[in-house]
Each structure stands twice: as structure tokens, then as C-alpha cells.
Student: 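Please read through the structure below; I'll follow up with questions.
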Amino acid sequence: MDKSAIARTAIPNVSGALAASTLSGRTILILIGVAVILSVGQEVFIPLALALLLTFTLAPIVSFLRKRRVPKIAAVLMAVASAFLVIAAFGFIVAGQVANLADNIPTYQRNIVTKVQALSQAGSGNGVLEHISKVVERIGAEMQDTAEESKEDAAPQSSRRDPMPVEIITRSNPVQTLGNFILPLISPFATAGLVIVLVVFMLLEREDLRDRFIRLVGLGDLHRTTAALQDAGKRVGKYLLMQLVVNALYALPIAVGLWFLGIPNAILWGVLTLVLRFVPYIGPVIGMILPLFLALAIAPGWSLVAWVAALFIVTELVSNNVVEPWLYGSHTGLSPLAIIVSAIFWSWLWGPVGLMLSTPLTVCLVVLGRYVPQFSFLDVLLGNEPVLQPQEKLYQRLLAGDPNEATDNAEDFLESEYLLDYYEQVGFPALKLGEMDRQRGVMTEAQIALFASTTQTLIGNLAEIANEEEAEDNQDPTAPAALEEATEDPDLSAVKRKSVLCIGGRGAIDDAAASMIAQVLAIEGATVSQAEHTMISGPTINLLRLAEIDTVVIAFLNSGSKAHARQAVRRLKRQKPSLRVGIVMPGIGGATESPVAAEDIDADFVATGIGDAVQDALSDGDAVAIKVTKRLGRARERKINPLVA
């Protein structure tokens, strides 16, 4: 491809990139505006978010009841009443347990002071422990002073002289005073009632809301909008329901174990761990800290603390590795880092409620990014799907000069596939990406050299896997019969004795492609040798030892190398007319057909991939003779008959 053609193809890409960047900037500004609106209007949006997520959670229950011929209104009321009765029961249990814990806190003071003093004595000279000990002593002294002051207050008034009390009276409106007292009490109940009403109406009008949403944003693409709604409902609903089941299965053994160990208020800690486990990663840790502190306070030794810690750790391991994969696995579609970042963002935006709702809300954002092109960056930033194709990832690692990570990724691929598949699907396409950038002039000579050398290092790192595959072929259960058949059949034995020379076409990247082909040919049992692309030029081609070579394979990653390929084929065949010469040249724009025909360049075969090249190189056949050009034919005719003009 000439430079003008490259320029013509590059200009639309640049303009498209500029348009995309402008669109992304506009979208980011929209998101910032939405975040500001959500923060300012959180008193309105928090009930809406709670109602929406509860609607997602209760929708499968309503659908289940509807399939059992329960009337719609009755099914909705039953589902909502059951859910909020469970929430209310949890609230009453937690309130009673907290009140009981508050009454018993003073009884744990002596054990805490004793253990801190023991730590101070065991770590004498340690500034941290001494500081803790002094703090505890100061707290005890202040508590003692408070007790003495209370005794002095109870003493007769005649024994001491009281200061004259001064009272500042501010006259206020009685209605305002009553409002200041009642409103803080009414607000939580009003929010809960609003959420209940919203959930009921969202469940009753679920189909109508769906149709209105489709009419508003997706009438032009019903398929995409329907898929987005189904995906969001499935992800969020399944996450919330299954997470609730997982948390219940996690909290039950925690509560029973704490009760068995003698930890007070075991029900409170079980319910607390159930709720806190909705908070990603840090929730279970917070739920474990308070029971550990209580175990430290009620027991004189350290064994109870160790047992409580072991209970939480074992339950967490079983829940993460057995219960969660069994019930739902990781179907949220979020990456671990996205879960943490979303928890920070939503807690900053809406406080503790946002922390609890961070995962389901972020799931909705990922679904939005997956189906709405303007917000596709949300799926890229927050989703758990690979954002780079394997060949793109390999190209980036090779361009960065990191063969170690490239080798690790290749080994992961090769756990279930063969080396030929890896080179065909990942390695060769990565080299073509590098060749395209080289043709566009965006790679310097140093980058080309680093890219090619890193590729050669990767191929060398995979040599052990290549040897294992070759050994597996030799140790195949049918190997003795196949070997006997090969010795009896001269054609098969000839295939095993094929001698193939692999050469790069025009540059160092072509040399790397030839190395990949050579490694696969070696696995197939051929005798392989390699040469650099400089060896097929005029002055050095005589240095190639072609006497024992049956086939030469030349790799050209530049699909516009027809003239170079013809010249290389002719030079090799002039050195040895019986030599079979094949060309590996990828199609233009990913086409499976070769950009050149074998007869046009006097080649014995032309392949677009490594698999076809290996198959053609190991096949039998006579070498194609060089076609005599018209100019050469006239010269020969004049030599035979000088009278010919």
C-alpha cells in the first residue's frame, strides 16, 4: 500500500477518534451533572433507589405467585408485606439486643483493664503499649472521679456551698418546639412508608413502566432495549436474592457458634453480619471486630478470642469457596476493583445507605454501558469482561518489551489448546498488528527491534511446551502402529524426514513469524532450520545451504509484498530448481484468501496462516518451474537463431 493510500485511510480514523473523544467528554460532563443532582437531591433519590432495588428483588416472587394463579394485587401485597415484616422483625431484634448490650458494658470494664495491663507488662519498654496503658488508666481515673462527684452531689446541702445556678431561657414558638421534637422521630417512618408505597406501585405498574421506558429511550431499537431491561433485572434481582441467601447461610453458623462459645447477644452479631455482608469486602471485617472485642472483654484469657476469630475465618472461607460459587458465582459482571471504587463513590454520595446499595447500583451502570453506546466506557471501566482481545493484549506486551507476562498469558491459553492454535489465533494476529503499525510509520526502529526481539524471547520461552507436545505425539497409544505403518509406507516416512527452511521476508517482524512457523513444523516432526530475511538478498543468497533442504517457507506479513515474494522465489529456485518454495502472506483486511496467487509468483503454494503453511510444507509434490518471461524468451531465441530481430 502506498503512502497516499495509508494517508487516505488514516484521516477518517483520526476524525473518528476526535469525534469519539468529544462525545466522551460530553458524556463525562453529563455524568458529573447527574452526580451533583443525586447528591443534592438525595432525600428524594434514596427512597427511589431503595424502592427500585426492592422492586427488582420482589419481582421474581410476584411472578412466582402469579404463575400459581394468585391475583396480581394480592401477590404484590403478599410479597411486600412479607419483605417489610422481615425487615421490621430484624429491626426489633437488633434494638433489643443493643439495649441489652448497653446495660452489660460496665461489667466488661475490669477484664479490658486487666488485659491491657498484662500487655503492658509483657511488652515493657514498648512505647505503644505504655501509651495504651496510660490511656486506660486515665479512663479509669476519670470514671472514679465521676463516681466521687456523684457521691458529693448526694451529700447534704449544708456540708458544701453550691454556686448560684444561672439559667438562660430562650423564648420560642411552641409549634416550632414541637416540630423540632417530632420531625426527627417521624422522618425514618415517613421514608419507610414512602418506600413501601413506591414498591407497591412499581410492582403493580411494572409492565406499564417497562413500556414507557422503551418508548422513551429505545423505540428505535426494541431488541437492544429489551435485552438491557432483561439483563438489568436478571443481574440485580439475582444478585440481591442470592446475596441475601448467602448472607443468611453465613450469619446462621456465626450466631450459633457465638452462642455456643458463650458470647453475649449472639443474635445481634448474627444479624449484624448478615446486613454488613452486603457491604463488599470490608463488611465481613467490620462484623467480626465487635464480637472479637466482646470476647476480649468477657473472658480473662485469650482462648475465646482465638476461637471467635477461627469461627469467622472458617465460615468466610466456606462461604466464599463453596456457598457462593454453588448458588450464583460471580454473575454481577463487576471487576473486584470496580466493586471497591463503587463502594467508595456511593458511600461518599449517599453515606451508609449508598454503601449498602453500591453493588446493585453499579451493576445497573454496567448494564447501561453495555447496551448504550454513549456510555460504553462504563462497561470498560467497571465490567469484568476482557477489554482487549488476546492478540491485542499480546501485541501490547510485546511492544512494551515484557516477554514474562506474555509467556504467562500464553501458558494460560495453552492449558486447553495447542501451540498451533495459539500462534494461529493470537501470535500471528499480534505480529500483523505490529506490521500494520510499522507500515503506518508509528513505530521507530528501536521499537521494531524491541518488538521483534521480545517475540523471539516469547517463542524461546514456549520451546518447552513445544517439546512436550512433540513428546505427546510420540507417546500416543497408537504410536507403535503408526511408526510401523510409516516404515512400510515410503510416503509417510518421507513426511517425517522433511527438511524445511523458514525465512523472514522483509524485516525483523517477518523473522519472528518465520520462527513461529518453524516451531510448529518441528512439533510435526520436520527437520527445521531458520535464516534471517537478509539471507535472501542478492549478495547473501549463495550462502544458504540448500542441498539438504526440501522446502523453503518465506513469511511476509505485509500483504503488499507481491514483487518481493516473486523475486525471492526466483532467486531460490535458480539456486536449486527442485526446491519447493512456499509463501505465507495474510489476506488484506482479515480476508481468508491470499492476496497473490501461487502461479503469479512461481511459488509452489501460498498460505494465509500458519496451519495451512505447515500442511503445504509437509505435503509431497514436484517443484514448480520458473516461468520464462518474454524478454528472457527473446534473448534465448536470439542466441539460438541470430537472424531473429
Side-chain angles (χ1 to χ4, degrees), residues 398 419-420 423 427-428 431-432 434-435 438 445 448-463 466 470 497-558 561-586 596 598 601-607 609-610 612-619 623-624 626:
L398 296 177
L419 191 61
L420 172 61
Y423 284 152
F428 216 60
L431 293 183
K432 287 192 285 186
E435 176 62 23
R438 188 200 65 79
E445 293 297 330
I448 295 174
L450 178 62
F451 177 76
S453 62
T454 307
T455 305
Q456 296 287 3
T457 304
L458 169 65
I459 296 171
N461 293 341
L462 300 180
E470 186 177 359
R497 292 194 300 269
K498 283 287 185 183
S499 179
V500 183
L501 173 63
C502 297
I503 310 176
R506 299 178 61 180
I509 302 178
D510 293 338
D511 291 339
S515 297
M516 291 182 180
I517 299 171
Q519 196 170 62
V520 176
L521 283 168
I523 294 175
E524 298 298 325
T527 303
V528 183
S529 56
Q530 289 182 245
E532 295 183 354
H533 66 281
T534 55
M535 297 299 294
I536 57 175
S537 61
T540 58
I541 195 170
N542 295 327
L543 301 178
L544 292 175
R545 299 179 180 179
L546 303 177
E548 302 297 330
I549 301 298
D550 300 316
T551 305
V552 175
V553 178
I554 310 175
F556 287 94
L557 292 175
N558 185 353
S561 302
K562 178 179 179 180
H564 291 80
R566 182 190 298 111
Q567 188 177 22
V569 171
R570 287 177 172 273
R571 286 176 178 174
L572 290 170
K573 286 184 175 290
R574 290 193 186 104
Q575 294 293 320
K576 184 179 179 180
S578 62
L579 185 67
R580 298 183 70 247
V581 181
I583 301 297
V584 182
M585 186 180 297
V596 296
I601 57 175
D602 296 333
D604 293 271
F605 60 88
V606 175
I610 296 180
D612 294 336
V614 171
Q615 183 177 2
D616 292 334
L618 296 179
S619 63
V624 175
I626 301 176

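Worth saying up front: this structure is predicted, and the values here are computed from it rather than measured. The analysis underlying the following values was restricted to heavy atoms, covering all of them including side chains, and did not include hydrogens, waters or symmetry mates.
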Student: In this structure, which one of Leu579, Ile536, Val569 forms a side-chain contact (heavy atoms from CB on, under 4.5 Å) with Val552?
Tutor: Leu579
Student: Rounded to the nearest 0.5 Å, what's the gap from CD on Gln575 to CD1 on Ile549? Could you check?
Tutor: 13.0 Å
Student: Quick one: list whatever passes side-chain hydrogen bond (donor to acceptor under 3.5 Å, both in side chains) with Asp616, sequence neighbours left out.
Tutor: none
Student: Apply side chain to side chain contact (heavy atoms under 4.5 Å, CB included) to Leu572 and Ile554, showing your working.
Tutor: CA-CA 11 Å; Leu572 290 170; Ile554 310 175; 3.6 Å; yes
Student: Return the OG1 to CD distance between Thr527 and Glu548, rounded to the nearest 0.5 Å.
Tutor: 10.5 Å
Student: Of all the heavy-atom pairs spanning Ala607 and Ala613, show the shortest one and how long it is.
Tutor: CB-N, 3.6 Å
Student: Below 4.0 angstrom, N of the basic side chain to O of the carboxylate: do Glu435 and Arg438 qualify?
Tutor: yes
Student: Before you tell me yes or no, could you show the steps for Leu521 and Lys498 under side chain to side chain contact (heavy atoms under 4.5 Å, CB included), namely the whole-Å CA-CA distance, both residues' side-chain angles and the distance that decides it to 0.1 Å?
Tutor: CA-CA 10 Å; Leu521 283 168; Lys498 283 287 185 183; over 6 Å; no
Student: Over all heavy atoms of both residues, which pair between Met585 and Lys562 is shortest? Give the atoms and the distance, please.
Tutor: CE-N, 4.4 Å
Student: side-chain hydrogen bond (donor to acceptor under 3.5 Å, both in side chains) with Asp604: which residues, sequence neighbours excluded?
Tutor: Lys573
Student: Just verifying a value: how many Å separate Lys576 NZ and Leu544 CG, rounded to the nearest 0.5 Å?
Tutor: 12.0 Å
Student: Counting only N and O atoms by type, is there a donor-acceptor contact under 3.5 Å from the side chain of Ser515 to the main-chain atoms of Gln456?
Tutor: no
Student: Could you tell me which non-hydrogen atom of Pro586 sits nearest to which non-hydrogen atom of Phe556, and how far apart they are?
Tutor: CD-O, 3.0 Å
Student: For a 4.5 angstrom cut-off between non-hydrogen side-chain atoms, does Thr455 reach Leu431?
Tutor: yes
Student: Would a distance-only check, ignoring hydrogens and angles, find a side-chain to backbone donor-acceptor pair under 3.5 Å from Gln519 to Ile459?
Tutor: yes
Student: As a test of understanding, state which of Val614, Leu462, Ile517 forms a side-chain contact (heavy atoms from CB on, under 4.5 Å) with Tyr423.
Tutor: Leu462
Student: To the nearest 0.5 angstrom, please state how far the CG atom of Asp550 sits from the OG atom of Ser499.
Tutor: 5.5 Å
Student: Rounded to the nearest 0.5 Å, what separates atom CD1 in Ile601 from atom CZ in Arg570?
Tutor: 10.5 Å
Student: Test side chain to side chain contact (heavy atoms under 4.5 Å, CB included) on Phe605 and Arg580 and set out the steps.
Tutor: CA-CA 9 Å; Phe605 60 88; Arg580 298 183 70 247; 3.9 Å; yes
Student: Can you name the closest pair of heavy atoms from Ala603 and Ile583 and give their distance?
Tutor: CB-CG1, 4.2 Å
Student: Pick out which of Val581, Val584, Ile503 makes a side-chain contact (heavy atoms from CB on, under 4.5 Å) with Val553.
Tutor: Val584
Student: At their closest point, which heavy atom of Cys502 faces which heavy atom of Val528, and how far apart are they?
Tutor: SG-CG1, 4.3 Å
Student: So how far is it from Asp511 CG to Met535 CE, rounded to the nearest 0.5 Å?
Tutor: 11.5 Å
Student: For a quick test of reading the model, state the closest non-hydrogen atom pair linking Ala555 to Ala513 and the distance between them.
Tutor: CB-CB, 4.0 Å
Student: Yes or no on side chain to side chain contact (heavy atoms under 4.5 Å, CB included) for Leu557 and Phe428, after CA distance, side-chain angles and deciding distance?
Tutor: CA-CA 9 Å; Leu557 292 175; Phe428 216 60; 3.7 Å; yes
